[in-house]
Number of protein chains: 2
Amino acid sequence: MKQVTLLFIAIMLAMGNVVLAQTAKAKEDFKPSSTNQIGKEFPQVNSEGCVRAQISAPDAKMVQLDIGGVKYNMVKDANGVWTGESAPQDEGFHYYQLNIDGASVPDPGSLYYYGASRWGSGIEIPAHDQDFYALKNVPHGQVREHIYYSETNKSLRRCFVYTPPGYDSNLKKRYPVLYLQHGGGENETGWSAQGKAGLIMDNLIASGKANPFIIVMDNGSWTMTGQRRTEGASWPPKSWADGFMNTLIKDIIPTIDANYRTLADQKHRAMAGLSMGGMQTRVITLANPNVFSYVGMFSGGSISVEDVEKAPGFKEKVKLVFISYGSRELENQRQGFGGDPKENNEKLKNLGMNTHFYVSPQTAHEWQSWRRSLYQFAQLLFNN
Amino acid sequence: MKQVTLLFIAIMLAMGNVVLAQTAKAKEDFKPSSTNQIGKEFPQVNSEGCVRAQISAPDAKMVQLDIGGVKYNMVKDANGVWTGESAPQDEGFHYYQLNIDGASVPDPGSLYYYGASRWGSGIEIPAHDQDFYALKNVPHGQVREHIYYSETNKSLRRCFVYTPPGYDSNLKKRYPVLYLQHGGGENETGWSAQGKAGLIMDNLIASGKANPFIIVMDNGSWTMTGQRRTEGASWPPKSWADGFMNTLIKDIIPTIDANYRTLADQKHRAMAGLSMGGMQTRVITLANPNVFSYVGMFSGGSISVEDVEKAPGFKEKVKLVFISYGSRELENQRQGFGGDPKENNEKLKNLGMNTHFYVSPQTAHEWQSWRRSLYQFAQLLFNN
């Protein structure tokens, strides 16, 4: 997860906790971010994508803005208020935090999101293509918090379920389902909150670009009671016991099919995920070609011809293998395990499979890549 | 809102920012709180209800735990980790924060809740009666995020809608509706998150103690785009324009009746709220006895005979006036405006109205009072 960022942090740490000061003067057109708490003036973003944070800490010696693996020194004014700016950030959503005399804490001005294994600050850098996930006056689906008992985990669990516009009025209509997984250090809230999956779908459906379907977003990392999952991402799977594959196949899918008006067959079932969720998608769909028709892996590796050859029925039954990456991941040679993802995908195409390769322009291992990936992937689902 | 706490803070400030140190040694049976982020060891709570916070801040001069309007000094160890305890807290849920060299920030160990006009830390002190809102293996309803366009506000808004267990399988059944409002400085997430409204209802319904109904939790303070509401809590209402009354009557109720299988008449509609939400309930139900049958005001004033006399139809049409307070609010003479609430309620009973007065034992103007109030109120709804 976030291996590019982690690598960058590792280099920074190796260099001795390097702090970058702002070299050039930031353009003075800062505005409060769309991810601010209501009524809060900071953090702000300017037209260059620089982030300006501010916090009152009259007795502090040093306050830093920590974003994208880099710590930027902030400066105190006469009233004890600290202000500081980052270098330009990529378009889209980023996790960040403040550092006050050595304490890493959320920024009291921002909304909070689950990532990097914690609830913490997030900030939105306006993107040139943000219209596709904007909140608009179109028919909206619902995102439902669904609590269920998992026999596999012997515990209560929670997922979020997106039902498309019209679900509650067309009571005879049944819908296909996409099982959509978050990345490592994230949880079942990610796709709906920072991923904006619901708004992406509402807009796609309103413009006639995607068929309406249900999306199920569950937790691939943790049980609800706090045990860490034991399943690896290896293929063939080493352990079926207590892993997310078991939970998904034995508990989640039957729960969804029992409680929602689904089209409960392989033809109408997709699985996708980002990063770790992509790796889980790879393992689970290769092992279950009778269960899923559509496969999406966003910044989470790829499927090779060898994988397919070891997975009876996959080649014949799976209707789409969709692989995507942020362009900066490919620039940085982050190809995922198991070979070059584009090359792997082309080989599957040569094998006769329907494949799609998407590159998100000028984004890294971050949510803007995955929002765009969902936007592309959703348009290819359940068309035939 | 939180007037007792605010009064206490005001006294503290007048006394010169008094900091209480722990006088007695806390009992050493601290455990991680149920409201901690997954995997986090701190904050902790002991059997006396003391809160122990901990944070790494190696370069800080002073770190404090700020809870219940009191700041407790924390102590640094050789590794730069600060630890400190509060005095015993009342059972139930409390907002709190940390203070690091003058900066007020959320505790990175806790989950975050919206209160005091900010997203910040909350902590659960185990209560002797916590079973009524515990997560259990019973049939669960859903809490749905519902986005809609409000003509009154000329903006998109969000509410959360609790649908009871069975809502999606009994497709011919229609349900009564409770409109349930948060307090000042809180928002539409409060009743579901810290209020545990969904779990309270699931448990009540499972044990046959309450009829299943829909609960709608909207935002009575802010429009979704961030304008503050202008409506006062005066009766008769001074302004109908752009207030929550207009939004509720003209936009929210029609939206809910159009999108859910409601029993869309006065007999099957209730309104309740806590603190500011109670005051809104008073104003809105007095003005609309043709719309609501059941009225609940939790720590939010009461309804007098004079109120009823000025509200044609209220006496005849309203089936229940439920008033509640935390015992500490009454001890502290927090009677709300418009006279003693218990006395007011008794006078309504003498007038021939069905009234109920509930006092939550040993709780203040806080969520444990309101969870218990909902638990009591829900059992009295839609019985006749």
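What's counted below: heavy atoms across the whole structure, side chains too, no hydrogens, waters or symmetry copies. It should be emphasised that the depicted structure is a prediction, and the values quoted were computed from it without experimental measurement. Residue numbers begin at 1 in each chain, while the letters A, B, ... track the order of the sequences.
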Worksheet item: How about residues 136-144 of chain B versus chain A: which residues have heavy atoms under 4.5 Å apart?
Response: B/K136, B/N137, B/H140, B/G141, B/Q142, B/V143, B/R144

Discussion item. Would you compute the distance between atom OH of A/Y112 and atom OH of B/Y113 and round it to the nearest 0.5 angstrom?
Written reply: 14.0 Å

Worksheet item: Hey, are the side chains of A/I147 and B/L199 touching, using non-hydrogen atoms and a 4.5 Å cut-off?
Response: yes

Practice prompt. Could you walk me through whether B/I38 and A/W119 pass the side-chain contact (heavy atoms from CB on, under 4.5 Å) test, one step at a time?
Written response: CA-CA 10 Å; B/I38 206 162; A/W119 284 96; over 6 Å; no

Worksheet item: What pair of heavy atoms forms the shortest contact from A/P108 to B/V105, and how long is it?
Response: CG-CG1, 4.0 Å

Worksheet item: Is it the backbone or the side chain of A/Y148 that comes under 4.5 Å from a heavy atom of chain B, or both, or neither?
Response: neither

Worksheet item: Quick one: does B/K61's side chain have a donor or acceptor within less than 3.5 Å of a partner on A/A60's backbone?
Response: no

Worksheet item: Where does B/I100 contact chain A at under 4.5 Å (heavy atoms): side chain, backbone, both or neither?
Response: both

Worksheet entry | Rounded distance [0.5 Å steps], CG in A/D168 versus CG in B/N259 | 7.0 Å

Response to the item:
Heavy-atom closest pair (A/I55 atom, B/A103 atom, distance to 0.1 Å) is CD1-CB, 4.1 Å

Response to the item:
Rounded to the nearest 0.5 Å, the CD atom of B/Q37 sits from the CG atom of A/N187 at a distance of 10.0 Å

Worksheet item: Where on A/L98 is there a heavy atom nearer than 4.5 Å to chain B: the side chain, the backbone, both, or neither?
Response: neither

Fill in: A/S169 OG to B/R261 CZ distance, which is reported to the nearest 0.5 Å
12.0 Å

Item to complete: State, to 0.1 Å, how close B/K40 and A/S117 come at their nearest heavy-atom pair, and which atoms those are.
Response: CE-O, 4.5 Å

Item to complete: Any chance you could measure A/L135, atom CG, to B/R158, atom CZ, to the nearest 0.5 Å?
Response: 10.5 Å

Discussion item. Between A/T163 and chain B, with a heavy-atom cut-off of 4.5 Å, which part of the residue counts as in contact: side chain, backbone, both or neither?
Written reply: neither

Discussion item. Once rounded to the nearest 0.5 Å, what's the spacing between atom CG of A/D101 and atom OG of B/S56?
Written reply: 11.5 Å

